[in-house]
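One structure is given here, and the rest of the page talks about it.
Proteins come first, then strands; the chains are lettered A, B, ... in the order of their sequence lines, and each starts at number 1.
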Number of protein chains: 2
Amino acid sequence: METPPLADVIINSFDGYSGEVRKAARFVLDNPRDVALLSMREQARRAGVQPSTMLRLARQLGFEGYDPVRDAYANAMRNPATSFERKARDQQRLQNLGGNQALAAKIVASVTRQLEALSAAEQLVRLTDAATLLARARRVYCLGLRASHPIAWQLNYILSLVGDKSVLLDDIANTGSDRIRFAGKDDVLFAVTVMPYTQLTLDIVDYAHKKGVPVVALTDSPVSPLAKRATITIATTTESPSFYHTMTPAFVLAEILAVLVAGQGENETLEALRQVDSYHASLGTHAATRPHPIATPSKEVQ
Amino acid sequence: METPPLADVIINSFDGYSGEVRKAARFVLDNPRDVALLSMREQARRAGVQPSTMLRLARQLGFEGYDPVRDAYANAMRNPATSFERKARDQQRLQNLGGNQALAAKIVASVTRQLEALSAAEQLVRLTDAATLLARARRVYCLGLRASHPIAWQLNYILSLVGDKSVLLDDIANTGSDRIRFAGKDDVLFAVTVMPYTQLTLDIVDYAHKKGVPVVALTDSPVSPLAKRATITIATTTESPSFYHTMTPAFVLAEILAVLVAGQGENETLEALRQVDSYHASLGTHAATRPHPIATPSKEVQ
DNA sequence: CACCGCTTGCAACATTTGTTTCACAATTGC
DNA sequence: GCAATTGTGAAACAAATGTTGCAAGCGGTG
């Protein structure tokens, strides 16, 4: 809460208030957090004012009652990162939009907020730890079924660009997980699942865990069933304003993880990327948007 | 609130809890701020749990009632360094730590910025227009190869939850695109590719376009080769501080698109979701975190 | 099968909440 | 000085809150 929501408004019209209302306003200005955390009556008590006075203040600020005021302060505390003004602006725009566009905007806003949370220090530490573990592994087994498939696939895909040590545990004819048999202590199993947890994923993780294979878990909670078996657990959220949960935060995490792992490869990574390029050039995989993609292959790899 | 007050305690004894209490504990873990800001009953509602269960959780944690718990969380919110200081501190820490964490943070920041741009007005219009087109289509063909696979797959997956009109143009033995032969004017082809554009994707889009099949293109530029053939083009960025471009913005767009399309299904969507649930219940696809998932199947679908 | 302990949902409880109402006091204008 | 307006305090209200107690349900044991 960089600048408390109503601070400006209150300060401007403060002189217009009288006696008791000023006391109430002072309290709000001085204890913005308490506005959200305490009941109105309790605030009145601490401000040395009657409950009615609190209400009068709220009304003078243009609100229906005191709850809207508390909500405003509560929201400011919920996501300290984004400023109140911006939120207000977004809110404003939301109301001007149609239902579908509003929903779309809401989802974007929600996901954005969740992404911001990913850069918390502990998360970064976990990520880099996991990256190190994966980078040192002889083989990386990627496992993500159903809704978690894109995440596991993405990690495997990027890792496959820079080497051949990644194995995607997915295949037709129900043989997808068979290769986990060859995993050992020197390998790592990267497993993804979120609520409702896919039973097969848990089973495979269980199997690997019993065999002593280190597990990097990407899931939705530190108390997820995956976390129990995991050496390192990366937790993220999946909440969304829509009927379907979002896998986007997990998706970025996988991308970042992959990039970090690849980065530890140094020279081998560069060499591999060069090979990928010439390979695809030979096969004509990509449309030729220009003569030949030679320089800085890094940015061009798909 | 860097580490929420009771997080450790809850995580440690989580396995000892049972059923409903776990749900309550999950909520507390996932929404620490709401613990302080909302009434217990409201939290119970959001956690999908009886108020009594919240109380039982509090008792199991060694508290007299639930208010002490809320107080603990409230205090944690009162004191913490202001977000500004915290940001500065995080920044500081980032520089002290390895370059890997800095890179991770940079990627997150970059993607976050790109996501914010997605809620621009025109984007939203394009999205909803595309959603309407897809919703009205008899059949939706999803096409995304190589790096674009997760995006096409995700759209197809979500659409498959709520109906059977989506077809993923991907298969083994190089037969992935064969089914596009059956597409006509009443269908829609959803195609994804970004630089460097996959030749095969362009070819298939070309084929469909010539047959009069409307095309919704998700790509990285309004002048991408895809855009030329498209009825509606949704453009996004793929830039990333790392060697590998990010597919995350495209991924959210696909998720949102899917949700919007599903939303236009109304009753059929709800019915389909119920079916998905009972189907998976019969097969035991998901781990049973509780006796039986009855109410509000919507949130539980994976 | 009956029994057990344990968990879960429900309805009821006394408080506390935000709000309304109204009488009284203070202030203002004439 | 008096009337009118405004500000204040206290009591009363319905609604919502945290909490309690109990009955029904569950799975396992003898």
Side-chain angles (χ1 to χ4, degrees), chain A residues 5-6 10 13-28 31 33-75 223, chain B residues 5-6 10 13-28 31 33-75 281 284 287-296 300:
Chain A
L6 305 168
I10 297 181
S13 39
F14 189 82
D15 295 335
Y17 304 155
S18 108
E20 296 294 287
V21 178
R22 286 193 190 182
K23 273 205 267 182
R26 272 296 296 259
F27 178 86
V28 172
N31 311 70
R33 293 200 169 82
D34 286 333
V35 176
L37 293 170
L38 301 177
S39 77
M40 187 215 73
R41 277 179 120 104
E42 178 62 26
Q43 293 173 47
R45 241 161 277 158
R46 301 203 183 181
V49 150
Q50 290 281 342
S52 4
T53 307
M54 283 288 169
L55 200 61
R56 297 191 237 269
L57 170 63
R59 297 256 158 87
Q60 299 215 28
L61 289 171
F63 291 90
E64 272 290 315
Y66 200 80
D67 274 334
V69 177
R70 298 186 54 195
D71 289 347
Y73 278 81
N75 282 331
V223 293
Chain B
L6 305 168
I10 295 179
S13 38
F14 188 83
D15 293 336
Y17 303 156
S18 105
E20 296 294 287
V21 178
R22 285 194 191 181
K23 272 206 265 181
R26 275 289 297 251
F27 179 87
V28 172
N31 312 71
R33 291 196 172 84
D34 286 333
V35 176
L37 292 171
L38 300 178
S39 75
M40 185 216 75
R41 277 180 119 105
E42 180 61 27
Q43 293 173 47
R45 240 160 284 160
R46 301 201 183 184
V49 149
Q50 293 279 343
S52 4
T53 307
M54 284 287 166
L55 200 62
R56 297 191 238 267
L57 170 64
R59 297 256 159 86
Q60 298 216 30
L61 289 171
F63 292 89
E64 272 291 316
Y66 200 79
D67 275 332
V69 177
R70 297 185 55 196
D71 289 346
Y73 277 80
N75 283 331
T289 53
R290 60 183 124 160
H292 202 65
I294 312 166
T296 61
E300 309 301 330

Going by number, which of residues 40-52 of chain B have a non-hydrogen atom under 4.0 Å from DNA chain D? B/M40, B/R41, B/R45, B/P51
Protein-nucleotide distance (A/Y66, atom OH; C/dT20, atom C1'), rounded to Å: 18 Å
Within residues 55-62 of chain B, residues whose heavy atoms come under 4.0 Å of DNA chain D: B/L55, B/R59
Show the nearest heavy-atom pair for residues A/M40 and A/M54, with the distance to one decimal. CG-CB, 3.8 Å
B/A47 and B/F27 have their tightest heavy-atom pair at CB-CB, 3.6 Å
Distance, rounded to the nearest Å, where B/M54 contributes CE and C/dT8 contributes P: 13 Å
Pairwise 5' ranking along DNA chain D for A/T53 and B/R70, keeping only the more 5' one: A/T53
Could you tell me whether the side chain of B/I10 reaches within less than 4.5 Å of the side chain of B/Y17, counting heavy atoms only? yes
Considering all heavy atoms, the nearest A/A58-A/G65 contact: CB-O, 3.4 Å
Could you state the atom-to-atom distance from OH of A/Y17 to C1' of D/dT6 in whole Å? 17 Å
Would the number of heavy atoms belonging to other residues, nucleotides or ligands and lying under 6.0 Å from CZ of A/R22 be above 12? yes
Distance, rounded to the nearest Å, where B/E64 contributes CD and D/dT19 contributes P: 9 Å
Can you pull the side chain to side chain donor-acceptor pair (under 3.5 Å) pairs that have at least one residue in residues 38-53 of chain A, sequence neighbours excluded? A/E42-A/R45, A/E42-A/R46, A/Q43-A/Y66
Euclidean distance, atom CG of residue B/L38 to atom P of D/dT17 [Å, nearest integer]: 10 Å
State the CG-CZ distance between B/L37 and A/R70, to the nearest 0.5 angstrom. 9.0 Å
If you look at every heavy atom in B/F63 and B/P68, which pair is closest and at what distance? CD2-CB, 3.4 Å
